[in-house]
Amino acid sequence: MSHIAATDDLFFTKAGLDLGRTQRLVDDALQGADDGELYLEYCQSESLGYDDGRLKSASFDTAQGFGLRSIAGEAAGYAHASDLSEEAIRRAAQTVRTVLAGHGGTMAGDPAGTNRALYTDLNPLGAVPFETKVKLLADMDAYGRGLDSRVRQVSASLAGEWQAVQILRAGGERGADIRPLVRLNVSVVVEQDGRQETGGYGGGGRIAYDTLIDPAYWRTAVDEALRQALVNLDSVPAPAGEMAVVLGPGWPGILLHEAIGHGLEGDFNRKKTSAFAGLMGQKIASSGVTVVDDGTLADRRGSLSIDDEGTPSQCTTLIEDGILTGYMQDRQNARLMGMKPTGNGRRESYAHIPMPRMTNTIMMAGDQEPGEILASVRQGLYAVNFGGGQVDITSGKFVFSCTEAYLIEDGKIGPAVKGATLIGSGPDVLTQVSMIGNDMKLDHGVGTCGKEGQGVPVGVGQPSLRVDKLTVGGTAA
């Protein structure tokens, strides 16, 4: 069954909307607009949490609703409701038309159609019995506690979502997508000589639960969480100062996402509030640095067959060999900047207006061996995993905390350090990259990006990188 047919069943058969009358409401609401759409959403979600040897929480939720948007130049009218009825859509149409007062626009062309499916459309929530999910978490708890006598606590959680969307545009063009999303997380607390430390691991994607409940997968997850905890148990205070930093492959790409990626979103550049505004075609990074945003990767957490405006996702080259070549665009900002949409119009839910957002943001591999990169550093820091951070989009300045990092001493990995933070500027970091590894990896499927109060699932990836100068905030006396 096509996604249009499947979502028709949800919205026009079960919810009781009439397609013809709904389409006429959309046509009337958007008459004279530059762009806009009716976004219909149905979403089921669940989460289970296991802690202290027992199931601590379990929830299941079903949500549905619509968002109607009308665009006139830089202005947008938006109304939403959880009531999927023609009367609610009619009231929303009256609201969004107020932005069109005195405006006579020409409706933008429809997005290109696609039959591409990057992930399964099967609902993962009902495919595995509740008892099996609870047993999975209990088995993880028992397995983790039996690995090492220093383990004091194991916490595990499982979450899943199944989202169906349909997008109606003026004139009758429609797009639809069905999106699964699952995630497994585990944290382990260890104690030795009165000192406690924590390690964690998470993974998932737009897949079913089958992968996560496979013992080969979840045991590896628990093993990794324990390994990180034991590494932190032996850590020493982090040094402070300006030094060479080697970033590991995979999840450290979150620094790239935050410090650089947000600055390459279309809205910030159109409004000239990005540190990269006005630099299209100029060299902004070291030679060899190529960064893409790729929403077309199968089964990845950040991937989308179509975005939340109906545009097929694509692989957009943002930086090529150090040159700024592209921005991530939704339809409104692309039109206002004289560019093409890139399939990056995203929203958290029907209650949120779409805006340009990242999907899977990746720095491409170079040709140097990771060992060669480490060997090039006499004294520095090797950052493998990151926690939280803060970024100022206008200046590009960032602060990130390292959850796993090591000293580099005479080109070799030294002791683990605790309390290291990386402080710098996104544009500056790009120019300080001097070595790029051949070991590009994607993250394990845990990223969530926040922007203007909205959170959406994303992915990151990068190879090992040497950054010649970066300020490290430490805890060493």
Side-chain angles (χ1 to χ4, degrees), residues 3-43 62-111 113 163-178 267 306-311 330-336 341 345-357 452-454 456:
H3 286 169
I4 290 286
T7 54
D8 275 354
D9 183 58
L10 280 171
F11 300 120
F12 300 110
T13 301
K14 295 178 179 176
L17 291 174
D18 179 84
L19 177 58
R21 290 195 296 270
T22 301
Q23 184 64 61
R24 286 192 290 275
L25 288 172
V26 174
D27 292 344
D28 180 65
L30 302 184
Q31 186 175 4
D34 295 325
D35 207 349
E37 73 286 310
L38 175 67
Y39 178 87
L40 304 172
E41 178 187 7
Y42 176 88
C43 185
T62 299
Q64 65 179 20
F66 73 86
L68 181 62
R69 180 176 63 152
S70 178
I71 295 174
E74 296 186 14
Y78 195 70
H80 63 87
S82 59
D83 177 15
L84 275 180
S85 70
E86 292 170 25
E87 181 56 34
I89 296 173
R90 184 176 292 106
R91 291 195 300 269
Q94 294 170 353
T95 300
V96 303
R97 282 200 59 80
T98 60
V99 79
L100 301 176
H103 184 84
T106 300
M107 179 61 63
D110 295 325
Q163 180 195 43
V165 303
Q166 187 172 134
I167 299 155
L168 286 76
R169 294 180 49 78
E173 183 68 22
R174 295 191 287 158
D177 198 14
I178 296 177
D267 50 353
I306 59 172
D307 72 5
D308 293 324
E309 298 176 309
T311 305
D330 63 350
R331 289 176 60 87
Q332 182 182 22
N333 286 282
R335 179 176 51 81
L336 293 171
R346 306 190 63 187
R347 62 183 103 199
E348 181 178 325
S349 76
Y350 68 86
H352 301 83
I353 198 163
M355 64 182 78
R357 306 291 300 273
E452 298 184 19
Q454 295 192 41
V456 296

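Position 1 is the first residue of the sequence; numbering continues from there. Atoms considered below: every heavy atom in the structure, side chains included; atoms not considered: hydrogens, waters and symmetry mates.
Taking all atoms of both residues into account, the shortest heavy-atom contact from Glu37 to Pro354 is OE2-CG, 4.5 Å. Residues Asp330 and Pro356 share a closest heavy-atom pair of OD2-CD, 3.4 Å. Considering every non-hydrogen atom in both Ile178 and Ala6, the closest pair reads CD1-CB, 3.8 Å. Contact record, Phe11 with Tyr42: CZ-N, 3.7 Å, taken as the closest heavy-atom pair. Minimum heavy-atom separation, Leu17 to Leu84: CD2-O, 3.8 Å. Between Leu25 and Glu86, the shortest heavy-atom contact is CD1-O, 3.7 Å.
Rounding to the nearest 0.5 Å places CG of Asp307 at 10.0 Å from CG of Asp177. From Gln332, atom CD reaches atom CD of Glu74 across 8.0 Å, with rounding to the nearest 0.5 Å. We find the OG-CD distance between Ser349 and Gln163 to be 8.5 Å, quoted to the nearest 0.5 Å. Separation of atoms CZ (Arg90) and CZ (Arg24) is listed at 10.0 Å; rounding is to 0.5 Å. Atom-to-atom distance recorded for Met355:CE and Arg346:CZ is 11.5 Å, nearest 0.5 angstrom. For the atom pair CD (Glu452) and CD (Glu348), the distance works out to 12.5 Å, reported to the nearest 0.5 Å.
Using a distance-only test at 3.5 Å, with no hydrogens or angles considered, no donor-acceptor pair links the side chain of Tyr350 to the main chain of Tyr39. Checking side-chain atoms of Asp34 against main-chain N and O of Gly73 turns up a donor-acceptor pair under 3.5 Å. With Gln454 contributing its side chain and Ile353 its backbone, the two residues share a donor-acceptor pair below 3.5 Å. In this structure, Thr7 contributes its side chain and His3 its backbone to a donor-acceptor pair below 3.5 Å. The backbone N or O of Arg91 sits less than 3.5 Å from a side-chain atom of Thr95, completing a donor-acceptor pair. Put simply, the side chain of Arg97 never gets that close to the backbone of Ser70: no donor and acceptor are under 3.5 Å apart. With hydrogens and angles disregarded, no donor-acceptor distance shorter than 3.5 Å links the side chain of Asp9 to the backbone of Thr13.
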- request: Take Arg335 and Ile71 through the test side chain to side chain contact (heavy atoms under 4.5 Å, CB included) and record every step on the way to the result.
  value: CA-CA 11 Å; Arg335 179 176 51 81; Ile71 295 174; 3.3 Å; yes

query: So Asp83 and Phe66, side chain to side chain contact (heavy atoms under 4.5 Å, CB included) or not? Walk me through it.
result: CA-CA 8 Å; Asp83 177 15; Phe66 73 86; 5.6 Å; no

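Here Arg331 does not pair with Glu309 in a salt bridge; the nearest charged N to carboxylate O distance is not below 4.0 Å.
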Throw together a table of side-chain donor-acceptor distances under 3.5 angstrom for residues 167-176, partners on residues two or more places apart or in other chains.
residue: Arg169; atom: NE; partner: Asp110; partner atom: OD1; Å: 2.8
residue: Arg169; atom: NH1; partner: Asp35; partner atom: OD1; Å: 2.8
residue: Arg169; atom: NH1; partner: Gly36; partner atom: O; Å: 3.3
residue: Arg169; atom: NH2; partner: Asp35; partner atom: OD1; Å: 3.3
residue: Arg169; atom: NH2; partner: Ala108; partner atom: O; Å: 3.0
residue: Arg174; atom: NH1; partner: Asp8; partner atom: OD1; Å: 2.6
residue: Arg174; atom: NH1; partner: Asp8; partner atom: OD2; Å: 3.4
residue: Arg174; atom: NH1; partner: Gln166; partner atom: OE1; Å: 2.7

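A donor-acceptor contact under 3.5 angstrom links the side chains of Gln23 and Asp27, judged on distance only.
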